[in-house]
Number of protein chains: 2
Amino acid sequence: MSNAAQCARARARIEVAAAIKDEARKQLATEGVAKLSLRAVAHELGMAASALYRYFPSRDHLLTALVIDAHNSLGETAEAAQAADVGPMRRWIIVCETVRDWALAHPHEYALIFGTPRPGNTGPDTTIAAARTGLVLIGVVRDAYRSRGVVEPPLPAELRPDAERMAADFAADLPPEVVSAFVAAWAQLLGLVGFELSGRFNLLVEERETFFRHAVSRLAHAVGLV
Amino acid sequence: MSNAAQCARARARIEVAAAIKDEARKQLATEGVAKLSLRAVAHELGMAASALYRYFPSRDHLLTALVIDAHNSLGETAEAAQAADVGPMRRWIIVCETVRDWALAHPHEYALIFGTPRPGNTGPDTTIAAARTGLVLIGVVRDAYRSRGVVEPPLPAELRPDAERMAADFAADLPPEVVSAFVAAWAQLLGLVGFELSGRFNLLVEERETFFRHAVSRLAHAVGLV
DNA sequence: CTCCTTCGAGAGCAGCGCTCTCTTTCGTGT
DNA sequence: ACACGAAAGAGAGCGCTGCTCTCGAAGGAG
């Protein structure tokens, strides 16, 4: 088979798959994941519903593809924001706000990746993409640590083995105290964003951006940033 | 109409509605909210699917009833735990752990009330029930404040109006600094629980209970508890 | 030019939420 | 005691869903 020809076929395939994902993303953004229907996507693309299964073996596989794309989209945004030429503390806040902004701009996609987990969506591809944004934040902490901008938070003895393993896994140059505190901070950051996205700040907090910035700045202190 | 007779009818109605909710809860616990089907519930109860609509006008109304029940169940559990005769700091941790334990015991119900919000589920009944558990925690903070066990956390000037309004709404006796910090802590607590429930601690944190206790104890400090 | 893989279309299945209609049940006012 | 009317259950059916199967039309590979 000719390489160019095969590339033509493969490219067409990739393009159609991308069009399906785009249309699915559009419906996801407007109606939410529950209302995303393969038939509607196919109809909007002018093709039979059954033809869709040539590209995604099931609705769940399509959703998984959207999950990975969403993780990468958020990750890319965070990576771009991380490049700001300011101190670690301000960069921590900037990246956190970027996560919040992305979530507010793509609420249904955020819910898809950080909301109620869909069973059986724990492939390795998903896991790698999911780590991307967290790695950006830990990069900020690393920079702070290198410039002596971190004081180690307390760590119960019982948590030290876990913390050392985590540090070895993805932040070998950071003290386990910081890595453990970071994981907690990451979970709490998602809690803040999810809270706002769920509308639980309605009638409660008006100045949500300031509230968020203040909260994540205290979170930075909890991780050890000064 | 005779009172006793009417009560008999009304009681039967309530009992059937409760049976429907119980069966729905059972299916919710085993299969998750997506797989909860009115037809299956009706079949399990030996009645026609259409008869179910005499009790709940739609699947969404049934889910809303389950949401309110779940909020009250969690709230009751928290209230019971809150009665422990120990200092505020330990009680804060105990209540937080109770929330976590309830979530681990009823993951799908927890996801139903604190996961991705289902659109149009913001009735006043829901809001009242949803506040119940939070009010338990704020009661702990109140006790701490009364026994001079609280140092006011920092509060940006821009957040003061919000904080004062929140304090006036549900904690008039507490300083706005504490109330504002509490709302953030509540969101972050749900973040920690949601993180564990989503399986994001897998291969990361082994000692989850200790990790959680340490995190919420630091959260208590962030609210001002000493 | 033929073969064989790939792709699209259509019919169809089982399930879903929900509505409508018909029948039965049962408490109530006369 | 009897007829009336509200309430409850049953069943058929509508339009939708994800998904499978089969068949015909392309389009590179030999």
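In what follows, chains are A, B, ... by sequence order, proteins preceding strands, each numbered from 1.
- Note: CD (A:E15) to P (C:dG8) measures 12 Å, nearest angstrom.
- Minimum atom distance to the side chain of A:S58 is reached by D:dC19, of the listed C:dC18, D:dC19, D:dT17.
- B:R100 has no carboxylate O lying under 4.0 Å from a charged side-chain N of B:E97, or vice versa, which leaves the two without a salt bridge.
- With 3.5 Å as the limit, one finds a donor-acceptor pair spanning the side chains of B:R200 and B:S198.
- Among the nucleotides D:dG9, C:dC18, C:dA9, the one closest to the side chain of B:M47 is D:dG9.
- A donor-acceptor pair shorter than 3.5 Å can be found between the side chains of B:H61 and B:S58.
- B:L52 places its CG atom 12 Å from the C1' atom of D:dA8, with the value rounded to the nearest Å.
- In this model, the phosphate group of C:dT6 is not approached by any side-chain N or O of A:R13 to a distance below 4.0 Å at OP1 or OP2.
- Note on B:L36: only backbone sugar-phosphate atoms sit closer than 4.0 angstrom, heavy atoms only; bases stay farther off.
- Rounded to whole angstrom, the span from the CZ atom of B:F56 across to the P atom of C:dT19 amounts to 16 Å.
- Distance B:K35 NZ to D:dG18 P: 14 Å, rounded to the nearest Å.
- Here A:Y110 and A:H71 keep their ring centres 6.0 angstrom or further from each other.
- At whole-Å resolution of the value, CZ in A:R11 and P in C:dT6 are 19 Å apart.
- For the pair B:R132 and B:E79, the salt-bridge criterion is met [side-chain N within less than 4.0 Å of a carboxylate O].
- Within the 4.0 angstrom heavy-atom criterion, no nucleotide atom of any strand lies near B:L62.
- Nearest nucleotide to the side chain of B:S37, out of C:dC16, C:dG12, D:dG9: C:dC16.
- In this structure, B:Y55 reaches the sugar-phosphate backbone alone: every heavy-atom distance under 4.0 Å involves primed, P, OP1 or OP2 atoms, never a base.
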Below 3.5 Å is the cut-off: list the nitrogen or oxygen pairs between protein and nucleotides 20-22 of chain D, distance only.
none

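- With hydrogens and angles left out, the side chain of B:R39 and the base of C:dG15 share no donor-acceptor pair within 3.5 Å.
- Whole-Å rounding puts the A:H61 NE2 to D:dG18 C1' distance at 14 Å.
- For B:A40, the listed nucleotide lying nearest its side chain is C:dC16; candidates were C:dC18, C:dC16, D:dA8.
- In plain terms, the two heavy atoms of A:M47 and A:Y55 that are nearest each other are CE-CE1, 4.4 Å.
- Remark: C1' of C:dT6 and CD1 of A:I14 are 15 Å apart, rounded to the nearest angstrom.
- With sequence neighbours left out, B:T210 forms a side chain to side chain donor-acceptor pair (under 3.5 Å) with A:E158.
- Between the NE2 atom of A:H43 and the C1' atom of C:dA9 there is a distance of 15 Å, given to the nearest Å.
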